[in-house]
Amino acid sequence: MLIGHQPKEFLLAVSGLTVSFDGFKAVNDLSFYVEENEIRVIIGPNGAGKTTVLDLICGKTRATSGSIQFRGQELTRLRENEIVQAGVGRKFQTPSVFEDLTVFENLEISYPRGRTVFGSLAFQRDDAVKQRVEQVAEMIFLKDRLNTYADQLSHGQKQWLEIGMLLIQDPDLLMLDEPVAGMSVSERAKTAELLNRIIKDRSVLVIEHDMKFVEDIAHKVTVLHQGQILSEGTMEHVKNDPKVIEVYLGH
Ligand SMILES: Nc1ncnc2c1ncn2[C@@H]1O[C@H](COP(=O)(O)OP(=O)(O)OP(=O)(O)O)[C@@H](O)[C@H]1O
Ligand SMILES: [Mg+2]
């Protein structure tokens, strides 16, 4: 092999991934590769298998066969909590913030508790947590709302708070299932800005139906249909692909 022509290192390499539910292959021999600092969007009709792909990556659903390599680690062998520890954060379709806690408290309880800190060092930890909470709150446009109870937030602000609860754990891969569903136009624009900011330190894998939003954020789009890839590339490429046009508009 020529020097300088090493195979590319991907953050996430999904290959030959299959899951079958009572013989029905919801994801069927799927392969795709996500780079560092990439925003990848998965689109596709209802039932295409998009959510199932995220379920497989985060360990909620077990693969029937295939491999999910993340930073050289095989995720299909790990449990859900081990996958979180490996650096994968996942947000579900409906927001699940703690309504009776403040923004600050919601972020604080999400701060990772990996290391034990004893006695006199506890105050240093408190300080570090407070700083990190404020940093994340600023990123998710809620710095002025730290003492607001989550049930007082708009739907869009709750979605941001939940993204913040994942960001505070500093994942290398953040997976979001329809993050702008139910958001206003201005909230969507701010979410696009947020994602573009956070990929400086990580990659993002997003499922989304809103094509304007996809166009705004996607570096690359993977079109899923019946558990398989129908098309992949830039938004420009996939939206002009006759196979994609047929599935979305055709008969
Ligand atoms: N645990 C399960 N058991 C049986 N079938 C399942 C299970 N999870 C998903 N499926 C089926 O797999 C298919 C893919 O579902 P999935 O939720 O991944 O689709 P999706 O692309 O996310 O759709 P949507 O756009 O509606 O959210 C569907 O036919 C669904 O009914
Ligand atoms: Mg889904």
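Sequential numbering from 1 along the given sequence is applied to the chain's residues. Computed over heavy atoms, backbone and side chain alike; hydrogens, waters and symmetry mates excluded. Since the model is a prediction, treat every value here as computed from it, not as a measurement. Remember, it's 1-based here, ligands and their atoms both numbered in the order they're listed.
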Legend entry - Which of the ligand 1 atoms, numbered from 1, are nearer than 4.0 Å to a heavy atom of F24: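 Taking each heavy atom of F24 in turn, ligand 1 has 12 (O), 13 (C), 29 (O) under 4.0 Å.
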Inset, instruction - Any atoms of ligand 1 less than 4.0 Å from a non-hydrogen atom of H209? List them with their elements. - result: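 Here the atoms of ligand 1 in question are 25 (O).
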Legend entry - Any side-chain heavy-atom pair of D151 and D100 under 4.5 Å: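 The answer is no, as the side chains (C-beta and beyond) never meet within the 4.5 Å cut-off.
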Legend entry - Heavy-atom gap G49 to ligand 1 smaller than 4.0 Å: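 It does, in that a heavy atom of G49 comes within the 4.0 Å cut-off of ligand 1.
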Inset, instruction - Consider every N or O of G44 and every N or O of ligand 1, then say whether any pair is closer than 3.5 Å. - result: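 Looking only at distances, the answer is no, because the N/O contact criterion of under 3.5 Å is not met.
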Inset, instruction - Answer yes or no: does an N/O atom from A26 fall short of 3.5 Å to an N/O atom of ligand 1? - result: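 No - when backbone and side-chain N and O of A26 are compared with those of ligand 1, no distance drops under 3.5 Å.
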Legend entry - Selected option - heavy-atom contact closest to atom 16 (P) of ligand 1, from N46, T52, V27, D55: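 Minimum heavy-atom distance to atom 16 (P) of ligand 1 goes to T52.
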Please check if the side chain of [X] supplies one atom and the backbone of [Y] the other of a donor-acceptor pair under 3.5 Å.
| X | Y | result |
| --- | --- | --- |
| R132 | L107 | no |
| H237 | V221 | no |
| K50 | P45 | yes |

Legend entry - Atom CZ of F98: over 12 foreign heavy atoms under 6.0 Å: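 Count not over threshold, so no.
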Legend entry - NZ/NE/NH1/NH2 to OD/OE distance under 4.0 Å, D126 and K130: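 No.
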Inset, instruction - Tell me, please, if T51 has any N/O/S atom, main chain or side chain, under 2.8 Å from the Mg ion (ligand 2)? - result: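 Checking T51: at least one N, O or S atom is under 2.8 Å.
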